[in-house]
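Counting begins at 1 with the first residue of the sequence. All ligand and atom numbering here is 1-based and tracks the order in the structure. Source: prediction; values computed, not measured.
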Amino acid sequence: MTGPLSALIRDRRVIICCGAGGVGKTTTATALALAAARGGRKVLALTIDPSKRLAETLGVERNLREPVSLSPERLAAAGIAAPGGLETWMLDPQLISDRTISGLADDPREAARLKENRIYKQISRMVAGMQEYTAMEALHGFLKEERYDLIVLDTPPSRHALDFLDGPRRLERFFDGRIFQLFKPSEESGFIRQAASKLIGQVLSSVFGESNYRDLQEFFVAFAPLFSILTHNAGDMFRRLSDPKDCGFLLVCSPSSEAIVDALHFRDKTNELDLPFAGFILNRSMAGETDRVMPHAGLFGPDPSPLQRGALQKLLRLAHIEQAEAARHLILLNDLTKAAGKAAFATALPNFPSGANDLSTLVELADVVD
Ligand SMILES: Nc1ncnc2c1ncn2[C@@H]1O[C@H](COP(=O)(O)OP(=O)(O)OP(=O)(O)O)[C@@H](O)[C@H]1O
Ligand SMILES: [Mg+2]
């Protein structure tokens, strides 16, 4: 193990893969976890809403109640042997959210009642930040248990790479916000305040319907203290994730023109939040392919036919397009390396034209990481 990624998977306890939608966060997280497990560590890959295909490849069901190990056959096929191990948990955000509520409510009946609340049902899926929060919550629990040497955390699909970092704060804003205040029953006892509150109650119940309004009110009364604990936990979590010896944030990006803008923003934002930025991964990159052998007439023997010459011209045109693309990726990788600075790195993972959903391709990716 020599490269910057190999040092990361050998030394850190938490690696968090961030990135815009569809860039390969889940794939990269899985490959990193495989590589670390092959290196002898006990690893948990915590992936979020992974594709059915990936779940089948790993032979693991989604939405289980807790992490499960890959089967001995699959571990062997991936080259993982004791003391290394690989568990995965394909996280359903709803499930974690429910567990969090169960953990915080006073008794199981209260928890069941809260989970039945219609607003909660909607909101636990809808509120921006809930998925990010629940991922962090799960991570928090595992870290406290010290069950794994390394946890690789994938982050939810989002338009923007930094949504993950902003999640808990958005949640906090929501609960501190005006909508929340509007529904929260007044704690102040002043007559005007009480009258205003009653009036608001009447108006809202006529707008939303009596039973909806009651659900809303129950939701805000019951959840306000719970969510204040949650946001407090998020603060604690942020502190844990701030230790550069323990944790590393990676930005996975695709070789698109936005990559460098996203990268600079990610670097500055992690810096601003005091989170240990570890590096950039340029996924699906052809940067390593600039020295490919070009097609030439000799391929067809000493005397190529006109048909073969025609075919060669076509091949050459395609090869030049690919070469230009590879050169562009290499420039991008160099720009990312500069943007990463001395304390971090930029590295490329190759593109597999037929996707990276099967075990042998994931293992190939893990080999690159090593
Ligand atoms: N290096 C690669 N070579 C080829 N295909 C890849 C590579 N990396 C990812 N893919 C493919 O791209 C698709 C998207 O990858 P993945 O699910 O990892 O992205 P994601 O960032 O997690 O997406 P989302 O934001 O939706 O969660 C998958 O089909 C995966 O197999
Ligand atoms: Mg994903």
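Sequence neighbours left out, the pairs with a member in residues 271-305 that pass ring-ring contact (aromatic ring centres under 6.0 Å, His included) are Phe277-Phe280.
Taking backbone and side chain together, Thr27 holds no N, O or S atom under 2.8 Å from the Mg ion (ligand 2).
The contact set between ligand 1 and Asn283, taken as ligand atoms under 4.0 Å from a residue heavy atom, comprises 1 (N), 2 (C), 7 (C), 8 (N), 9 (C). Of all atoms in ligand 1, listed by their number and element, those nearer than 4.0 Å to a heavy atom of Phe352 are 3 (N), 4 (C), 5 (N). Here is the list of ligand 1 atoms found below 4.0 Å of a heavy atom in Asn351: 3 (N), 4 (C). Of all the atoms in ligand 1, the ones that sit under 4.0 Å from a non-hydrogen atom of Asn357 are 29 (O), 31 (O). Counting atoms of ligand 1 from 1 in the listed order, those under 4.0 Å from a heavy atom of Gly21 are 25 (O). For ligand 1, the atoms lying closer than 4.0 Å to a non-hydrogen atom of Gly355 are 4 (C), 5 (N).
An N or O contact shorter than 3.5 Å links Val23 to ligand 1 by distance. Checked against a 3.5 angstrom limit, the closest N/O atoms of Thr27 and ligand 1 fall inside it.
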Report task. Start with the C-alpha gap between Leu32 and Leu5, add the side-chain angles, then the distance that decides, and say whether side chain to side chain contact (heavy atoms under 4.5 Å, CB included) holds. Result -> CA-CA 8 Å; Leu32 289 171; Leu5 271 177; 3.8 Å; yes

Requested in this report: Take Leu150 and Val14, measure what side chain to side chain contact (heavy atoms under 4.5 Å, CB included) needs, and give me the verdict at the end.
Outcome: CA-CA 6 Å; Leu150 169 68; Val14 184; 5.8 Å; no

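More than 12 heavy atoms of other residues, nucleotides or ligands lie within 6.0 Å of CD in Glu145, so this atom counts as buried by the packing criterion.
Looking only at atom types and distance, the side chain of Thr26 has a donor-acceptor partner in the side chain of Asp154 under 3.5 Å away.
Between Glu110 and Arg113 there is a salt bridge, with a side-chain nitrogen of the basic residue lying less than 4.0 Å from a carboxylate oxygen of the acidic one. At a threshold of 4.0 Å, the pair Arg38-Asp367 counts as salt-bridged, since one of the basic side-chain nitrogens sits closer than that to a carboxylate oxygen.
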For residues 318-334, run the donor-acceptor check on the side chains, cut-off 3.5 Å, and write out each pair with its distance to 0.1 Å, sequence neighbours left out.
| unit_1 | atom_1 | unit_2 | atom_2 | d |
| --- | --- | --- | --- | --- |
| His320 | ND1 | Leu316 | O | 3.2 |
| Glu322 | OE1 | Arg292 | NH1 | 2.2 |
| Glu325 | OE1 | Arg328 | NE | 3.4 |
| Glu325 | OE2 | Arg328 | NH2 | 3.0 |
| Glu325 | OE2 | His329 | NE2 | 3.3 |
| Arg328 | NH1 | Pro255 | O | 3.3 |
| Arg328 | NH2 | Pro255 | O | 3.0 |
| His329 | ND1 | Met286 | N | 2.8 |
| Asn334 | ND2 | Leu330 | O | 3.4 |

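The shortest separation from a heavy atom of Gly22 to ligand 1 is under 4.0 Å, placing the residue in contact. Residue contact check for ligand 1: Pro353 places no non-hydrogen atom closer than 4.0 Å to it.
For atom 5 (N) of ligand 1, the candidate residues are Arg284, Glu364, Lys25; the nearest heavy-atom contact is made by Arg284.
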